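All values reported here derive from a predicted model rather than from experimental measurement.
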Amino acid sequence: MSPVIAFGTGLAVTMGVVFLALLYLRSPLQVILTNLCGTAERARFWTAFSNITLFLVPIALALNHQPTAGGTKSLVFEISDQIESAVIGLIISVMILGMVLSRHILRLSLVPSSKDVGTSQSGSQTDAAAL
């Protein structure tokens, strides 16, 4: 197998793995982003943005790892190194996305809604009236 075919194979496998991960994350990500963004249009934008980021980071890392012609390493191991770099990139980008989303989810859960504010005020008014 030539280094060019090995590189293409590694890149194709990387794109397949990333595509499957994006398919798996698409629905839950859309639901969370709709909840956080407030509208479906905003959520669609941020879902597309997240998908592009989650796709391009691993591909960029896979493109950076090129098999050497006549190297001492077997081309199968060269391909696995390329895929490993891409998977590490996918993991890092998913972790960063998760941290950003969890930070916003935490912030939203700490802000009381108007329903909660009215309930707590009426509850305290009832308690004060009972005294």
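Between V94 and L25 the shortest side-chain heavy-atom distance falls below 4.5 Å. Here the side chains of T14 and I59 are in contact, with some heavy-atom distance below 4.5 Å. In this structure, the side chains of L63 and L11 come closer than 4.5 Å at one or more pairs of heavy atoms. A heavy-atom distance below 4.5 Å is found between the side chains of L29 and L97.
Residue pairs meeting the ring-ring contact (aromatic ring centres under 6.0 Å, His included) criterion with at least one partner in residues 2-33, sequence neighbours excluded, do not occur; the list is empty. Pairs engaging residues 47-59 under the side chain to side chain donor-acceptor pair (under 3.5 Å) rule: Q30-T47 [sequence neighbours left out]. Under the side chain to side chain donor-acceptor pair (under 3.5 Å) criterion, the residue pairs touching residues 80-90 are K73-D81, with sequence neighbours excluded.
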Given I92 and V57, is the side chain to side chain contact (heavy atoms under 4.5 Å, CB included) satisfied, shown in steps? CA-CA 9 Å; I92 290 170; V57 170; 5.8 Å; no
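A single hydrophobic cluster is seen to contain both I96 and I88, as judged by linkage of ILVMFWY side chains at heavy-atom distances under 4.5 Å, directly or through other members. Cluster annotation: L56 and F45 are assigned to the same hydrophobic cluster (Ile/Leu/Val/Met/Phe/Trp/Tyr, side-chain heavy-atom contacts under 4.5 Å, transitive). Cluster membership for L54 and L33, using ILVMFWY side-chain heavy atoms within less than 4.5 angstrom, is shared. Put simply, I79 and F77 are part of two different groups of oily side chains (I, L, V, M, F, W, Y) that touch within less than 4.5 Å, one to the next. In the hydrophobic clustering of this structure, V87 groups with M95; members are Ile, Leu, Val, Met, Phe, Trp, Tyr whose side-chain heavy atoms approach within less than 4.5 Å, directly or through other members.
The minimum heavy-atom distance between P58 and G89, with the atom names listed, is CG-C, 4.1 Å. Nearest heavy-atom pair across A86 and A62 is CB-CB, 4.0 Å.
Partners of T39 under the side chain to side chain contact (heavy atoms under 4.5 Å, CB included) rule, at least two apart in sequence or in another chain, are E41, R42. With sequence neighbours excluded, the residues that form a ring-ring contact (aromatic ring centres under 6.0 Å, His included) with F49 are W46.
Rounded to the nearest 0.5 angstrom, L101 CG and N35 CG are separated by 11.0 Å.
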